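Working notes for the structure below.
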Amino acid sequence: MGDSAFDFQKESDVFEYVVKKGHGVKGLADTGLTTVPTRYIHPPSERIDRKDTIDSTPFLSDPIDISALIEEGDDVDVEKKKSEISKKLCEAAEKLGFFQVVNHGVSHEVMEDAKRAAHVFFNLPRERKLALSKENSPCKHVFCGTSFSPQAEKSLEWKDYLSMVYVNDDEEVRKFWPEECRDAAVAYLKSANKMIIAMLTALLKGLGVEINEATIRSYTDARAVNMNFYPPCPNPDLTVGVGRHSDLAALTILLQDDIGGLFVRAQDKGWIEIPPVEDALVINVGDTLEILSNGRYKSAEHRALASNTRARVSVPIFVSPIPPTTIGPLPGLAEKDGKTVYKQLLFGEYMDNYFRNGHQGKATLDFARA
């Protein structure tokens with residue numbers, strides 16, 4: 001069945017072509033269509049209009065230099081700098097749940113390689129990507145797909161993705177991660193390790209309760225590198241690259257390109273855009289960290305816009321526990337706060353509920369409320 005046999009204004013044909021046949025939205029865009037198919041049109045309330053954004057200054061801090069946080073050494077000066085950085089991170093996590101960091105230990109070259117690798121992978125033939133679909137992939141930790149949860153969504157999202165979950169198994173990485181982007185993804189992930197542990201340690205210790213290093217590390221045992229690809233879109237004003245959602249993870253480390261298009265809800269005041277800053281990484285609090293912090297840190301709702309001129313890529317690392325890990329407010333926090341916002345539950349239970357539906361803002365957190 002050739003492309004010409006599909007009617008892209010018929011929702012069933014779009015689903016068949018994009019999802020079942022594995023062309024993804026990249027394949028759809030490559031057909032040269034000049035209008036967004038109906039299956040991708042979102043209700044006006046869900047669309048993104050840059051004119052509706054508000055000034056980010058009251059909410060988004062300047063990029064935070066975290067070089068001292070990842071330095072070795074414990075002399076007085078270093079400790080003082082670490083304490084100052086930790087305070088900034090905690091304030092940003094409480095205020096918006098999104099912030100940018102610089103001097104984070106991931107080199108310019110590693111970041112550029114990761115972005116390049118995303119473009120290379122999504123420009124591979126359809127058959128190569130189809131072999132890695134959830135249904136076909138030989139490894140449950142490596143899969144590519146399109147949108148978020150296409151079977152559950154009324155309107156599809158203008159995004160394809162590749163997900164590679166690292167669970168401390170280098171042999172699995174060597175065998176199953178796609179060779180076209182494996183080295184770049186591994187270099188990015190491993191370069192970010194020190195920063196991930198340092199930031200999560202600062203944030204959890206900043207809550208003012210006792211927590212040991214082994215417990216902190218248990219919240220980072222599963223790290224997924226995703227490569228997101230947003231092909232040029234004829235009507236970005238009618239659709240979304242990613243719909244409103246908060247992240248499942250404890251922390252997300254996001255590498256975005258120079259196109260922009262990431263929007264965050266600022267305390268119910270409106271939407272702000274997170275501008276691309278060269279060599280900065282965007283960090284956001286995920287649902288898991290909001291739960292661990294008893295609601296003190298904010299897992300901010302965010303969404304992404306496609307571009308009508310260029311293919312946009314982003315490369316997040318999602319830092320999470322493994323499914324059997326219990327998550328809930330850290331011991332002593334509910335007493336300290338005088339309230340219990342979230343219950344104790346298995347991360348696997350929360351994860352299963354999270355992926356059961358399409359993107360739905362922050363409604364997923366209701367599942368964990370006390």
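All of these numbers come straight from a predicted model, not from anything done at the bench.
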Inset, instruction - Could you check if a side-chain atom of Val315 sits within less than 4.5 angstrom of a side-chain atom of Val225, using non-hydrogen atoms only? - result: yes
Legend entry - Test item: side-chain donor near acceptor, Asp221 and Ser218, under 3.5 Å: no
Legend entry - Side chain to side chain, Phe143 and Leu162, heavy atoms closer than 4.5 Å: no
Inset, instruction - Show which residues join Ile48 in its hydrophobic cluster (side-chain heavy-atom contacts under 4.5 Å, direct or indirect), or state none. - result: Val240, Phe263, Trp271, Leu305
Inset, instruction - May I ask you to test the Tyr354-His245 pair for a side-chain heavy-atom distance under 4.5 Å? - result: yes
Inset, instruction - Indicate whether the side chain of Asp247 and that of His302 have a donor and an acceptor atom separated by less than 3.5 Å. - result: yes
Legend entry - Heavy atoms of other groups near Glu127 CD, more than 12 under 6.0 Å: yes
Legend entry - Closest non-hydrogen atom pair between Pro178 and Met164, with its separation: CD-SD, 3.9 Å
Inset, instruction - Indicate if Leu262 and Val277 have the same hydrophobic cluster label, given that clusters are the connected sets of ILVMFWY residues with side-chain heavy-atom separations under 4.5 angstrom. - result: no
Inset, instruction - May I ask you to establish whether Arg223 and Tyr166 are in a cation-pi arrangement, using a distance under 6.0 Å from NZ or CZ to the six-membered ring centre and at most 45° from the ring axis? - result: no
Legend entry - Minimum heavy-atom distance Ala306-Pro236, with the two atoms named: O-CB, 3.5 Å
Inset, instruction - Kindly say whether Asn228 contributes a backbone atom to a donor-acceptor pair with the side chain of Asn226 at under 3.5 angstrom? - result: no
Legend entry - Residues Glu171, Lys175; criterion salt bridge (Lys or Arg N to Asp or Glu O under 4.0 Å); working and verdict: CA-CA 6 Å; Glu171 179 65 15; Lys175 278 177 71 175; 5.2 Å; no
Inset, instruction - Using the side chain to side chain contact (heavy atoms under 4.5 Å, CB included) rule, pick out the option among Ile291, Asn294, Leu333 that qualifies with Val341. - result: Asn294
Inset, instruction - Step by step, work out the salt bridge (Lys or Arg N to Asp or Glu O under 4.0 Å) result for Lys115 and Asp258. - result: CA-CA 11 Å; Lys115 288 184 282 190; Asp258 62 347; over 6 Å; no
Inset, instruction - Begin with the C-alpha distance, continue with both residues' side-chain angles, and end with the deciding distance and a verdict on salt bridge (Lys or Arg N to Asp or Glu O under 4.0 Å) for Lys87 and Glu84. - result: CA-CA 5 Å; Lys87 189 174 176 222; Glu84 287 168 0; over 6 Å; no
Inset, instruction - Before accepting this row, confirm whether a basic side-chain N of the pair Glu91/Lys88 lies closer than 4.0 Å to the acidic partner's carboxylate O. - result: no
Legend entry - Test log, rule side-chain hydrogen bond (donor to acceptor under 3.5 Å, both in side chains), inputs Thr364 and Asp287: CA-CA 9 Å; Thr364 45; Asp287 290 358; 3.3 Å; yes
Inset, instruction - Give the C-alpha distance, both sets of side-chain angles, the deciding distance and a yes or no for side-chain hydrogen bond (donor to acceptor under 3.5 Å, both in side chains) between Glu157 and Tyr40. - result: CA-CA 6 Å; Glu157 299 177 349; Tyr40 282 91; over 6 Å; no
Inset, instruction - Compare all side-chain heavy atoms of Glu180 with those of Arg128 and state whether any distance is below 4.5 angstrom. - result: yes
Legend entry - More than 12 heavy atoms from other groups under 6.0 Å of CZ on Arg369: yes
Legend entry - Minimal non-hydrogen separation, Trp158 against Pro231, with atom names: NE1-O, 2.8 Å
Inset, instruction - Check the pair Thr252, Val319 against side chain to side chain contact (heavy atoms under 4.5 Å, CB included), reporting the backbone distance first and the verdict last. - result: CA-CA 6 Å; Thr252 301; Val319 181; over 6 Å; no
Inset, instruction - Mind listing the closest non-hydrogen atom pair of Gly206 and Cys90 along with its distance? - result: CA-SG, 3.8 Å
Legend entry - More than 12 heavy atoms of other groups within 6.0 Å of Lys343 NZ: yes
Inset, instruction - Check whether any side-chain heavy atom of Ile54 sits under 4.5 Å from a side-chain heavy atom of Phe59, and report yes or no. - result: yes
Inset, instruction - Applying salt bridge (charged side-chain N to carboxylate O under 4.0 Å, His left out), name anything that partners Asp30, two or more places apart in sequence or on another chain. - result: Lys26
Legend entry - Single-linkage hydrophobic cluster Val102~Met199, side-chain heavy atoms < 4.5 angstrom: no
Legend entry - Any Leu345 side-chain heavy atom under 4.5 Å of Phe367 side chain: yes
Inset, instruction - Decide yes or no for Val101 and Phe99: does some side-chain heavy atom of the first lie under 4.5 Å from some side-chain heavy atom of the second? - result: yes
Inset, instruction - Assess whether salt bridge (Lys or Arg N to Asp or Glu O under 4.0 Å) is satisfied between Asp13 and Lys20, documenting all intermediate values. - result: CA-CA 10 Å; Asp13 277 21; Lys20 292 189 175 174; over 6 Å; no
Legend entry - Contacts of type salt bridge (charged side-chain N to carboxylate O under 4.0 Å, His left out), residue Asp337, not counting sequence neighbours: Arg296
Legend entry - Non-hydrogen atoms of Ile216 and Leu200 that approach each other most closely: O-CD2, 3.9 Å
Legend entry - Leu132 backbone acceptor or donor facing Asn136 side chain under 3.5 Å: no
Inset, instruction - Check whether any side-chain N or O of Ser293 sits under 3.5 Å from a backbone N or O of Leu289 as a donor-acceptor pair, and report yes or no. - result: yes
Legend entry - Linked, directly or transitively: Val285 and Leu330 (ILVMFWY side chains, under 4.5 Å): yes
Legend entry - Short side-chain donor-acceptor distance under 3.5 Å, His141 and Glu172: yes
Inset, instruction - Before accepting this row, confirm whether a basic side-chain N of the pair Glu290/Lys298 lies closer than 4.0 Å to the acidic partner's carboxylate O. - result: no
Inset, instruction - Go through the structure and list residues passing salt bridge (charged side-chain N to carboxylate O under 4.0 Å, His left out) with Asp113, not counting sequence neighbours. - result: Arg116
Inset, instruction - Identify, with sequence neighbours excluded, every residue that meets side chain to side chain contact (heavy atoms under 4.5 Å, CB included) alongside Leu346. - result: Thr326, Glu349
Inset, instruction - Could I get the full list of salt bridge (charged side-chain N to carboxylate O under 4.0 Å, His left out) partners for Glu71, not counting sequence neighbours? - result: none
Inset, instruction - Could you check if a side-chain atom of Ile259 sits within less than 4.5 angstrom of a side-chain atom of Pro276, using non-hydrogen atoms only? - result: no
Inset, instruction - Treating Ile, Leu, Val, Met, Phe, Trp and Tyr as nodes and any side-chain heavy-atom pair under 4.5 angstrom as an edge, say whether Ile197 and Leu281 lie in one connected cluster. - result: no
